[in-house]
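Report on the following structure.
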Amino acid sequence: MTEILFHHVSKLFGTSRAVTDFCLRITPGELIVVVGPSGCGKSTLLRLVAGLEEITSGTLMMGSVRMNDVPAAQRGVAMVFQNYALYPHMTVRDNLAFALTIARRPKPEIRAAVERIAQTLDLTACLDRLPGALSGGQRQRVAIGRAMLRNPRVYLFDEPLSNLDPALRVTTRTEIARLKERMPDATMIYVTHDQVEAMTLADRIVVMEQGAIRQVGTPLDLYARPRTEFVARFIGSPAMNLLPGTVVRTGPATTVALAQGAGVTVPIPTQPQDLGRAVRLGVRPEDLTPAGGCASIVSGRVLRTEPLGDVTLLQVAGPEGTVMARVPGTRTDLRHTDIALAADASRLHLFQDGLSLLCRDKGAGLSADH
Amino acid sequence: MLHPAAIAIATLILCLAAALAWIWGANWLLDRILPPRGTAISRNIRRAALIRPWLFLGPALLFLSAFLIYPALGTIWLSFHGPDGKAFTGLANHAWLWRDGAVRQAALNTGLWLLVVPAAATALGLVGAALTDTLRWGGLARILIFLPVAVSGAAAAVIWKFVLDFRPLGAPQTGLLNALVTWAGGTPQPWIAQPIVNTLFLMAIVVWTQTGFAMVILSAALRAVPGDTVEAARLDGATDLQVFLWIRVPQIRGPITAVWLAMTLVVLKVFDIVLALTNGQWNSNVLANLMFSWMFRGGGDFGRGAVLALALMALVLPILVATLQGGARTRKD
Amino acid sequence: MAGITGRRSRPILHLLLAAMVLLWTLPTLGLFVTSFRAGDAVRVSGWWTALAPATQSGMVRIAGDDTASGAVRSGSVLRPDQSGARITAFGVSSRDPDAFAAGQTAELPLGGQLTLHADGRYRLVTPDPAASGQRVFFAATMPPAFTFQNYFHVLSSEGLVGSLVNSALVAVPSTLLPLTLATFAAYALAWMRFPGRALLAVATVALMAVPLQMALIPVLRFYNFAGQALGLDTKSFLGIWLAHTGFGLPLAIHLLRAGMSAVPREIIEAARLDGASELRILIGIVLPLSLPVLAAFAVFQFLWTWNDIMVALVFLAPQEVLTARLVNLMGSRGGEWEVLAASTFVSLAVPLVVFFLFQRHVVRGAVAGIST
């Protein structure tokens, strides 16, 4: 049961900022997933928690202890690395036992602990093999087992699934989820660039960009109410369409004129001074449906159809640029036809200068509310 | 009285034990003085982390200073002193370096070596690498060409002196080269005693010993060239030779330069082959051998030896700068 | 077969490589063959003639024998050491030395018959038992004659055994000592963070380029000084070990650092998280994982110290190592190629065995040393 608190944590490599003014409270037993494009500082964040990098400024607390200067081995954290980082010259048994051996625990205790974990993770059969002789999935399980054996307060996962093939990724993902259910007290930080992993595993997701937090929230919260264009496009696949337009009527509901001339009314409040300002209308591909007579948002020619079996992705060339739509069934017949697409007004988003108008009134601070 | 070999082995074990004892003892002491626990834990760990690297580096740095850095400075100091290294003579040795005919001869030869040997060894190594990588029996050929790497300069000198052996006209020529010359209708020559010719043969011997080295490095580099660039060039209609010259070789310019520089360093230090074969007679001397002569012959002249060592160092300097610049560039990438 | 320069290997390429291989092996082969030839053979014929059976002609005078009772004499025209030879033809006069084939019987001009068999046995029937000096001319095919005599000679009477031991006593410690010291230094440079690390790494690379000649005189002066002050022998094994250690360290640190840096960073970090100390990480993780590069340096340093002559001449003059002995022999036994040849291969035996056993490591070491 360990709470982790980041208080204005920053990390500089020379003059380049890897993590900037990072503030976050992780409640005990929570599984936090940190997502973001590569180079956004999410791995550095993990390494700061692990103690593999020194914090440049700010405070990192675990429970009530300041962790900034505590050496990695004494923080009670365990890390699962992207490439597993198993000791290639040691058997699985020795790999699992390494930390306990260093801690000079009695041999029978080590042996019992190793066998217990091996049983849990279905590794008993390969205990005396070298990591090189294991499959990717087995290696991953050894890496997780090695972390579990140390009985840490905090688990850190650094893109643990990215080296597995897609099928194995799904099964290992559910395995990690099951593991978390079995250890409800363990606090976990999980770094990934895969938004599906983030959506399926996380209690809360932290979206990072350029070393800073862009938004924190539950997966569905992030999906339904992205605070910025960046978050809106990062969560959900294919990414949200953003159509340029101008505010033509303000009030409790806002009317936006798109390039086509069509006016769309969105139930998002705006102020009178917003009148005439440029905004972007956000609509997710899965919210677009062929307009059966009712007012359309986008219309244009279908350039390509991408049938995925259950749904078909449409690439529509509209006056605002190319728009992606996701329609049910196999609709390859729509290729090279003209189509009009409509959407439920309550599922639309409005962004001004990259920020969602929906969240504008909830205070300017993006990361202050933990 | 113990056998010297037994004493030597005992000394060796003592030396190794001392080195290991130092590492363990110093580490243990550091953990005692700055224990990684208790109230001052973070301060202790930070300080210990600053000290520990120097414990690991200590013995090596001591040796590097005692056997390379101090002597290098000592050589500079000696170059201003007389034969016994005591009397200060100012720039007399340096002036002698510019005036002396033997030095000029050796410097000229060393220059010729620098022009010919690295280029020849690298080029032959490249050809060898290309051929051994192409042909099915290349593996065996590579080992055979690489073999002289294990041969000492003294042994290489004997091997080649036998090839170049000369017997007076009429006697059966048992040296391979003169036998071939005789067989082709020519006159056998005392190759080693002929100025310029002997230098050419000395250079050929060094090329012979170094080509294998260049070959294995360039062969590894050639194999690291991405295969798709070669396939792309083939699809573009390039012939085998064109693929090699225009696609593969340009992509290993880095290793080629590195090999060439390494060969240059080898050439500057060349000593044993010259010593064994001609010992600098018949105008074949090089700076490294001349330096050795001045060190020991006739009681030795440490001042002049030192100034010759400095001359060698001056020749190495540009290569050193080039290597370090290359290293800095790759580190930045 | 796909390759560097061609999809199919062309004859010209085979020819080129064959020429190269020949040029690189023939000189060594020649000396090797010579080391097994008898000295008088070496002086009259090239080593290449020793490989094929040689045709040799000879003449033997069958001595008269007063005590012989019968008119029949028998024996062999070949000496015991020529036992492998086969007689092809013989004759009884110098004008026609190969008139008869082996096994035939020749009528002697003065009466009597001579039969000479291919294995050299003859049977002479003469009317006069005491008649002396029947000359027999013959042509014989001599098999290639090889002997270990040269090796016995150089090992016993030229004192090469002592030099062999000395070379080993120089090379083995001169390999182990820098290896040990460089292991710790390279680990610090590869995996410890401290100010000045990058500078030190560059400095070691720079020291590799310093010619040894720069170091010789001051170190020798220091040894002389220390030897006199402490009353020790200035030329000792310990002295040459320490010198070789100092001279070998830059390459050792450079190679080992490159090898150790190749261990994935995550593995080191996992060990740190597991609570391992620096020494534990070095011994338990990094060292086992960089064994190949350790072996590569060890092989290189061993070959270099075994084959070195300059450092040995400066610091070890009285106890000659093999290379020094060889150069010495070149001066004193210049013409005796069979002695020189056998000595050369005695000195080459150990490096060649090491080379063949660890050939892969030598290649890896060479590549790692140049390309990093």
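In what follows, chains are A, B, ... by sequence order, proteins preceding strands, each numbered from 1. Heavy-atom basis, side chains included; hydrogens, waters and symmetry copies ignored. Since we're looking at a predicted model, the values are computed, not measured.
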Mind checking the [atom1]-[atom2] spacing from [X] to [Y]? Nearest 0.5 Å is all I need.
X        : Y        : atom1 : atom2 : value
C:Glu278 : B:Asp31  : CD    : CG    : 10.5 Å
C:Leu200 : B:Leu61  : CG    : CG    : 6.0 Å
B:Trp24  : C:Leu279 : CH2   : CG    : 5.5 Å
B:Cys15  : C:Trp241 : SG    : CH2   : 6.5 Å
B:Leu64  : C:Thr204 : CG    : OG1   : 8.0 Å

Select one option (side chain, backbone, both, neither) describing which atoms of [X] are under 4.5 Å from chain B's heavy atoms.
X        : value
C:Leu322 : neither
C:Leu348 : side chain
C:Leu220 : side chain
C:Met192 : side chain
C:Phe32  : neither
C:Ala182 : neither
C:Thr28  : both
C:Leu169 : side chain

Part of [X] lying under 4.5 Å from any heavy atom of chain C:
X        : result
B:Asp272 : both
B:Asp165 : side chain
B:Ile143 : both
B:Pro53  : both
B:Trp208 : both
B:Ala220 : side chain
B:Arg142 : neither
B:Leu308 : neither
B:Met313 : both
B:Gln242 : neither
B:Trp22  : neither

Based on non-hydrogen pairs under 4.5 Å, which of [options] is most in contact with chain B?
options                                : result
C:Ala18, C:Ala186, C:Gly196, C:Ala341  : C:Ala18
C:Trp24, C:Trp191, C:Phe184            : C:Trp24
C:Gly30, C:Ala206, C:Ser347, C:Ala252  : C:Ala206
C:Ala209, C:Ala168, C:Ala188, C:Pro178 : C:Ala209

What I'd like to find out is whether the side chain of [X] reaches to under 4.5 Å of the side chain of [Y], using heavy atoms alone.
X        : Y        : value
C:Leu177 : B:Phe63  : no
C:Leu216 : B:Met295 : yes
C:Leu189 : B:Leu57  : yes
B:Phe162 : C:Thr34  : yes
B:Val151 : C:Asn307 : no

Can you tell which of [options] has the highest number of heavy-atom pairs within less than 4.5 Å of chain C?
options                      : value
B:Gly153, B:Ala72, B:Gly254  : B:Ala72
B:Val163, B:Val316, B:Ile145 : B:Ile145
B:Leu265, B:Leu78, B:Leu144  : B:Leu78
B:Thr211, B:Leu140, B:Val149 : B:Thr211

Proximity of C:Phe194 and B:Trp54 rings by center, below 6.0 Å: yes
Mutual orientation of the aromatic rings belonging to C:Tyr187 and B:Phe56 [parallel < 30°, tilted 30-60°, perpendicular > 60°]: tilted
Worked check of side chain to side chain contact (heavy atoms under 4.5 Å, CB included) between C:Gln213 and B:Thr75: CA-CA 9 Å; C:Gln213 281 86 353; B:Thr75 300; over 6 Å; no
